[in-house]
Amino acid sequence: MLSETINYTTEDIDCLPHGDRPLKMRLFKPAAADARGLCPAVLDLHGGAWTKGTMESCSPRDAVLAGAGILAAALDFRHAGDGYPTSLVDINYAVRWLKAQAGGLGIDPARIGICGQSSGGHLAMLAAMRPFDPRYGTLALEAGAPPVDATVACVGMAWPVINPLSRYRHALRCRQSDSAAEWVNDIPERHDLYWKTEDAMAEGNPVLALETKEAVQTPPALWVQGRPDPVHDYRDPDSPVDLNEPERFAHAYREADGEIEVLYIEQATRASNTSFDPLAAFFRKHLAE
């Protein structure tokens, strides 16, 4: 299905049959391209505590990316009861699929980034850090596809749940307090559904991967964070540094020679161009020709 807008078109495609649940992608294709007729691309991942959400929720952000000359590809990856690491398997495949299909899509396979919001931000960073993890790369491209990998040029995150284990324990502590915060709701149960165990939350964890000195990729990154936001911007009492999670992760990322900016914005306006525009500018900078 193809629809036209002022400066981009949208198209929904199935990029892999997953039995009766195909891996779907919504492409936002910009009208503009470089002198070679190519544009950069960003794979975009929705949030929902790894259990809810669809590619539909990426649309406002992806429209801004497409308007900035970037092909945005929102992915409906497996999540919820499918459990970790199925989401990473789908994401790893989707990055490689975009590279393999670059000619037909009019994109430059050397200029592909990844983006995500909330739990999608966590998945974006974990996929970027571990592009060669054999557990994540189990889905083969179709026969005859060019030899490509799942590396990305940069990562943009909107208030990511960067540390699943600390957020799980944070929610449980808040639930047990005398004035239980409304945001907690069913957050612990949603963690349980996807992650199953605390060990999995610790293993699929960008913060702990850096702090344990795992050999990972560290492409340039941007973290856009609303304030106040107790769901994503809090202090983990088990942290080795006296910093809230955004700055804790940024500190560890820089220690691993990664480049990252943490940009704070008003929480009340985060679902708007207040967050979309900085992400678009970041990708335009790091995916330039």
Heavy-atom side-chain contact between Val184 and Pro188 under 4.5 Å: yes
Contact check, side chains of Met129 and Glu214, non-hydrogen atoms, under 4.5 Å: no
Using only heavy-atom distances, determine whether the side chains of Glu259 and Tyr253 contain a donor-acceptor pair under 3.5 Å. no
Same apolar cluster: Phe132 and Ile112, side chain cutoff 4.5 Å: no
Begin from the C-alpha positions of Tyr84 and Arg135 and carry the test side chain to side chain contact (heavy atoms under 4.5 Å, CB included) through to its verdict. CA-CA 10 Å; Tyr84 173 77; Arg135 299 168 302 164; 3.7 Å; yes
We want to know whether Thr274 and Glu266 form a side-chain donor-acceptor pair, criterion being a heavy-atom distance below 3.5 angstrom. no
Examine the side chains of Ser87 and Tyr194 and answer whether a donor and an acceptor come within less than 3.5 Å of each other. yes
Going from CG on Asp90 to CG on Leu123, what distance comes out if it is rounded to the nearest 0.5 angstrom? 10.5 Å
In short, Gly48 meets Ser119 closest at the heavy-atom pair N-OG, 3.3 Å
Stepwise salt bridge (charged side-chain N to carboxylate O under 4.0 Å, His left out) test for Arg167 and Asp236: CA-CA 8 Å; Arg167 210 279 289 273; Asp236 174 14; over 6 Å; no
Just how far is it from atom CD of Gln225 to atom CZ of Arg227, taken to the nearest 0.5 Å? 7.5 Å
Here the gap from Asp133 atom CG to Leu126 atom CG, rounded to the nearest 0.5 Å, amounts to 8.0 Å
Heavy-atom distance under 4.5 Å between the side chains of Val224 and Val262, does that happen here? no
If the plane angle is over 60° it's perpendicular, under 30° parallel, otherwise tilted; pick one for His286 and Phe282. tilted
Test item: Arg270 side-chain N/O and Ile265 main-chain N/O as donor-acceptor pair under 3.5 Å: no
Kindly check if the number of other-residue, nucleotide or ligand heavy atoms within 6.0 Å of NZ (Lys196) is above 12? yes
No-hydrogen, no-angle side-chain donor-acceptor test under 3.5 Å, Arg61 and Gln117: yes
Using a distance-only test with no angle check, is there a side-chain donor-acceptor pair under 3.5 angstrom linking Arg78 and Thr86? no
When rounded to the nearest 0.5 Å, the distance separating CG of Asp186 from OG1 of Thr51 is 7.0 Å
Determine, step by step, whether Val161 and His232 satisfy the side chain to side chain contact (heavy atoms under 4.5 Å, CB included) criterion, reporting the C-alpha distance in whole Å, the side-chain angles of both residues, the deciding distance to 0.1 Å, and the verdict. CA-CA 6 Å; Val161 189; His232 306 93; 3.7 Å; yes
Please evaluate residues Glu255 and Glu211 with respect to the criterion side chain to side chain contact (heavy atoms under 4.5 Å, CB included), reporting the C-alpha separation (whole Å), side-chain torsions for both, the decisive distance (0.1 Å), and the verdict. CA-CA 9 Å; Glu255 287 284 304; Glu211 291 179 349; over 6 Å; no
Same cluster (ILVMFWY, side-chain, under 4.5 Å), Leu210 and Leu222: no
Evaluate the side-chain proximity of Tyr8 to Lys29: yes if any heavy-atom separation is below 4.5 Å, no if none is. no
Between Leu165 and Ala202, what is the shortest heavy-atom contact and its length? CD2-CB, 4.0 Å
Do Asp82 and Arg21 sit within salt-bridge range, that is, some charged N less than 4.0 Å from a carboxylate O? yes
Donor-acceptor check, side chain of Ser275 to backbone of Ala271, threshold 3.5 angstrom: yes or no? no
Any side-chain heavy-atom pair from Tyr136 and Arg130 closer than 4.5 angstrom? yes
Go through Met25 and Asp12 one step at a time and tell me if the side chain to side chain contact (heavy atoms under 4.5 Å, CB included) criterion holds. CA-CA 6 Å; Met25 188 181 287; Asp12 289 354; over 6 Å; no
Nearest non-hydrogen partners of Ala153 and Leu287, listed with the distance: CB-CD2, 3.7 Å
All heavy atoms of Ala221 vs all of Met125, minimum pair found to be CB-CE, 3.9 Å
Do Trp195 and His122 make the cut of ring centroids closer than 6.0 angstrom? yes
With heavy-atom distances below 4.5 Å as the criterion, would you say the side chains of Phe283 and Leu65 are in contact? yes
For the hydrophobic clusters of this structure (ILVMFWY residues joined by side-chain heavy atoms under 4.5 Å, transitively), does one cluster hold both Ile114 and Val89? yes
Distance only, no hydrogens: is a donor on one side chain within 3.5 Å (strictly under) of an acceptor on the other, for Tyr234 and Ser166? yes
Is the shortest distance from a Lys or Arg side-chain nitrogen in Arg26 or Asp62 to a carboxylate oxygen in the other one below 4.0 Å? no
Distance-only side-chain donor-acceptor flag, Asp192 / Tyr168, under 3.5 Å: yes
Side chains of Glu245 and Asn163: do they bring a donor and an acceptor to under 3.5 Å? yes
For the pair Arg235 and Asp242, find out whether any cationic side-chain nitrogen is under 4.0 Å from an anionic carboxylate oxygen. yes
Give, for atom CG of Leu43 and atom SG of Cys58, the distance between the pair rounded to the nearest 0.5 Å. 9.0 Å
For Val64 and Ala280, which heavy atoms make the closest approach, and how far apart are they? CG1-CB, 4.1 Å
Using the rule that Ile, Leu, Val, Met, Phe, Trp and Tyr join whenever any side-chain heavy atoms are under 4.5 Å apart, tell me whether Val155 and Leu75 fall into a single cluster. yes
Is it possible for you to say whether Trp159 and Tyr264 belong to one hydrophobic cluster, with membership spreading through side-chain heavy-atom contacts below 4.5 Å? no
Keeping the roles fixed (side chain from Asn273, backbone from Phe276), state whether a donor-acceptor pair exists under 3.5 Å. no
Centroid-centroid distance, His170 to Trp183, less than 6.0 Å: yes
Parallel under 30°, tilted from 30 to 60°, perpendicular over 60°: which one fits the rings of His46 and Phe77? parallel
Thr151 versus Asp149, side-chain donor and acceptor atoms under 3.5 Å: yes
Verify the neighbour count for atom CZ of Arg173: are there more than 12 heavy atoms of other residues, nucleotides or ligands below 6.0 Å? yes
Quick one: does any side-chain atom of Ser118 pair with a main-chain N or O of Gly47 as donor and acceptor, under 3.5 Å? no
Residues two or more places apart in sequence or in another chain: which of them pass side chain to side chain donor-acceptor pair (under 3.5 Å) with Asp76? none
Side chains of Lys24 and Ile13 in contact at under 4.5 Å (non-hydrogen atoms): no
Would you say Arg254 has more than 12 foreign heavy atoms packed within less than 6.0 Å of its CZ? yes
Going by atom types only, do Arg96 and Asn92 share a side-chain donor-acceptor pair under 3.5 Å? yes
If I take atom CG from residue Leu98 and atom CG from residue Leu71, how far apart are they, to the nearest 0.5 angstrom? 7.5 Å
Please name the pair of heavy atoms, one in Arg175 and one in Asn185, separated by the smallest distance, quoted to 0.1 Å. NH2-O, 2.6 Å
Counting C-beta onward and ignoring hydrogens, is there a side-chain heavy-atom pair between Leu16 and Trp97 closer than 4.5 Å? no
